[in-house]
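A short write-up of the structure that comes next.
Atoms considered below: every heavy atom in the structure, side chains included; atoms not considered: hydrogens, waters and symmetry mates.
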Amino acid sequence: MSSSQGAAQDLLARWPVVDGHNDLPWALREQVRYDLDRRDIAADQSAHLHTDLPRLRAGGVGAQFWSVYVRADYAGDKAVSATLEQIDVVRELVARYPGELRLALTADDMEAARAEGRIASLMGAEGGHSINNSLATLRALHQLGVRYMTLTHNDTIDWADSATDEPRHHGLSAFGEEVVREMNRCGMLVDLSHVSADTMRDALRVSTAPVIFSHSSARAVCDHPRNIPDEVLERLSANGGVAMATFVPKFVLPAAVEWTLRADENMRAHGLHHLDTTEAGMTVQRAFEAANPRPKATAATVADHLDHMREVAGVDHIGIGGDFDGTAFTPDGLADVAGYPNLIAELLDRKWSEADLAKLTWQNAVRTLRAAEDVARSERARRGPSHVTLTLG
């Protein structure tokens, strides 16, 4: 072990990682239909998953936002029901492993879990389609423990434009703005990963609470629409939010962008969704990779993004959101949730201070959730729930 590796592990023992996005719940749905006996994460699951408890411990993870994601082609009540099933499995995981996991609903809960040596388990809904255009459903998700919502996934929805679909609203519609205001009133973080740059700007204009990017990197370093433009990063300081760099190779390594487009097309040619990480999907992906060697991202590639994000947004406004179990491919050195010490060691080698790394791994995310809670108390004292509805057609 290098001296940087040892120093990284020491730092993570004091200031563990808050990871903004992990798709384990969806992987459990796809692989075993939530049969946790078949995917007991107390044991090594490296043959099937990026995530299990031993590797979370090895990686120095102290808090995880579990994504309660459902696919963008799930519409209406189907999307709501599937989101509820995702929430249910997170709660089942916490109940099954009480010595390792603690449900966290507040920043204080996160700090209590750290003091107890448990992993704080938070939830984030990925995509506004999960609420089926209903502010009451949004409030219900918050009551069930969801603490952020990504406004869109890959598809533009009835009230917000996605980064990877055709725009229909040029950002947020009037109802989309009301969604942001109601999230502020509830204390649910507004997550701007996946949304268009116009949606980012509109949300920053409307939100009275800090926003997050749960798993996005810097567009100036890798020009992909899923990443954050510098002019948006520059606005995070005034907003108080945090941008959590992702590890997905096609979002961090320019050479991987074109390769991934071909890999996605190959998946569709085999009748599979391009995000399919079941064994059948991974068999197709591995065969394509064997015939078409992919460009390899590394921990240094991710560190390049963090260097840039620190310079533009400031060290108080950056974090980490790996997207494990939501991507078929990962960088060398960041193959799974045990890899975070490799990234911290790389940043130590780049002369990041321990104080700055503590902000990156733990302090910024906790502060941002606490600030959203403060805003929510103020908003609830000022006004009641919104009953605005969306009329289509």
Side-chain angles (χ1 to χ4, degrees), residues 18 20-21 65 68 83 104-110 122-152 157-161 169 171-214 216 228 232-233 235-244 313 316-317 319 321 364-390:
V18 180
H21 195 88
F65 278 94
V68 292
T83 302
L105 304 179
T106 66
D108 282 349
D109 289 344
M110 295 173 73
L122 305 102
M123 289 182 279
E126 189 174 17
H129 59 294
S130 296
I131 65 169
N132 192 19
N133 299 334
S134 165
L135 296 179
T137 301
L138 174 71
R139 289 189 288 271
L141 293 188
H142 182 265
Q143 289 165 1
L144 290 171
V146 174
R147 288 300 178 265
Y148 75 65
M149 185 173 73
T150 321
L151 297 186
T152 74
I157 60 173
D158 291 330
W159 44 268
D161 290 336
H169 316 286
L172 289 173
S173 73
F175 182 78
E177 293 185 6
E178 189 70 3
V179 170
V180 169
R181 284 188 284 268
E182 192 64 4
M183 292 174 72
N184 290 165
R185 197 194 68 85
C186 288
M188 186 185 291
L189 290 162
V190 176
D191 177 21
L192 300 181
S193 287
H194 280 287
V195 307
S196 72
D198 283 341
T199 303
M200 296 176 194
R201 296 182 193 106
D202 281 354
L204 282 163
R205 171 177 54 80
V206 173
S207 183
T208 56
V211 304
I212 66 166
F213 292 82
S214 66
S216 296
I228 314 167
V232 174
L233 283 170
R235 295 176 63 179
L236 281 182
S237 176
N239 168 263
V242 61
M244 307 173 99
D316 294 318
H317 304 286
N364 290 344
V366 174
R367 184 202 71 241
T368 299
L369 181 57
R370 194 181 304 283
E373 294 165 13
D374 291 342
V375 168
R377 279 189 289 272
S378 174
E379 293 288 330
R380 287 195 299 269
R382 191 172 61 84
R383 61 188 175 92
S386 172
H387 298 289
V388 171
T389 59
L390 176 63

Is there a side-chain contact (heavy atoms from CB on, under 4.5 Å) between L151 and L172 once you walk through the steps?
CA-CA 10 Å; L151 297 186; L172 289 173; 4.1 Å; yes

Given side chains that start at C-beta, do those of [X] and [Y] come closer than 4.5 Å, heavy atoms only?
{"X": "L135", "Y": "V179", "value": "yes"}
{"X": "L204", "Y": "V190", "value": "no"}
{"X": "T199", "Y": "T152", "value": "no"}
{"X": "M149", "Y": "E126", "value": "no"}

Nearest 0.5 angstrom please: [X] [atom1] to [Y] [atom2], how far?
{"X": "H21", "Y": "D191", "atom1": "NE2", "atom2": "CG", "result": "8.0 Å"}
{"X": "M200", "Y": "S216", "atom1": "CE", "atom2": "OG", "result": "6.0 Å"}
{"X": "L138", "Y": "Q143", "atom1": "CG", "atom2": "CD", "result": "10.0 Å"}
{"X": "L192", "Y": "R201", "atom1": "CG", "atom2": "CZ", "result": "11.5 Å"}

Mutual orientation of the aromatic rings belonging to Y148 and F65 [parallel < 30°, tilted 30-60°, perpendicular > 60°]:
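If you compare the ring of Y148 with that of F65, the planes turn out tilted.
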
Testing the basics here: between [X] and [Y], what is the closest heavy-atom pair and its distance to 0.1 Å?
{"X": "V242", "Y": "G319", "result": "CG2-N, 3.7 Å"}
{"X": "P210", "Y": "T368", "result": "CB-CG2, 3.7 Å"}
{"X": "A209", "Y": "N239", "result": "O-ND2, 3.2 Å"}
{"X": "V18", "Y": "A365", "result": "CG1-CB, 3.7 Å"}
{"X": "E379", "Y": "T208", "result": "OE2-OG1, 3.5 Å"}
{"X": "P385", "Y": "E182", "result": "CA-OE2, 3.6 Å"}

Spell out, as yes or no, whether a donor-acceptor pair under 3.5 Å connects the side chain of [X] to the backbone of [Y].
{"X": "R367", "Y": "D316", "value": "yes"}
{"X": "E178", "Y": "V388", "value": "no"}
{"X": "N184", "Y": "A376", "value": "no"}
{"X": "R139", "Y": "S386", "value": "yes"}
{"X": "R181", "Y": "S207", "value": "no"}
{"X": "S193", "Y": "S214", "value": "yes"}
{"X": "H317", "Y": "L233", "value": "no"}
{"X": "N133", "Y": "L390", "value": "no"}
{"X": "D161", "Y": "S196", "value": "no"}

Between E177 and R205, does at least one N-O distance fall below 4.0 Å, as a salt bridge requires?
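Result for this pair is yes, salt bridge flagged.
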
Under the side-chain contact (heavy atoms from CB on, under 4.5 Å) rule, what do L105 and R147 come out as? Steps first, then yes or no, please.
CA-CA 7 Å; L105 304 179; R147 288 300 178 265; 3.6 Å; yes

Worked check of side-chain contact (heavy atoms from CB on, under 4.5 Å) between T106 and L369
CA-CA 7 Å; T106 66; L369 181 57; 5.6 Å; no

Carefully, step by step, assess R370 and M110 under the rule side-chain contact (heavy atoms from CB on, under 4.5 Å).
CA-CA 10 Å; R370 194 181 304 283; M110 295 173 73; over 6 Å; no

Just jot down the side-chain hydrogen bond (donor to acceptor under 3.5 Å, both in side chains) partners of R380, sequence neighbours excluded, or say none.
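side-chain hydrogen bond (donor to acceptor under 3.5 Å, both in side chains) check on R380 returns nothing, list empty.
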
Assess the side chains of N132 and T137: does a donor N or O sit below 3.5 Å from an acceptor N or O?
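The answer is no; no qualifying pair exists.
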
Ring pair (Phe, Tyr, Trp, His ring centres under 6.0 Å): which pairs involve residues 178-203, sequence neighbours left out?
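Every ring pair (Phe, Tyr, Trp, His ring centres under 6.0 Å) pair that includes a residue of residues 178-203, provided the two are not neighbours, is H153-H194, H194-H215.
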
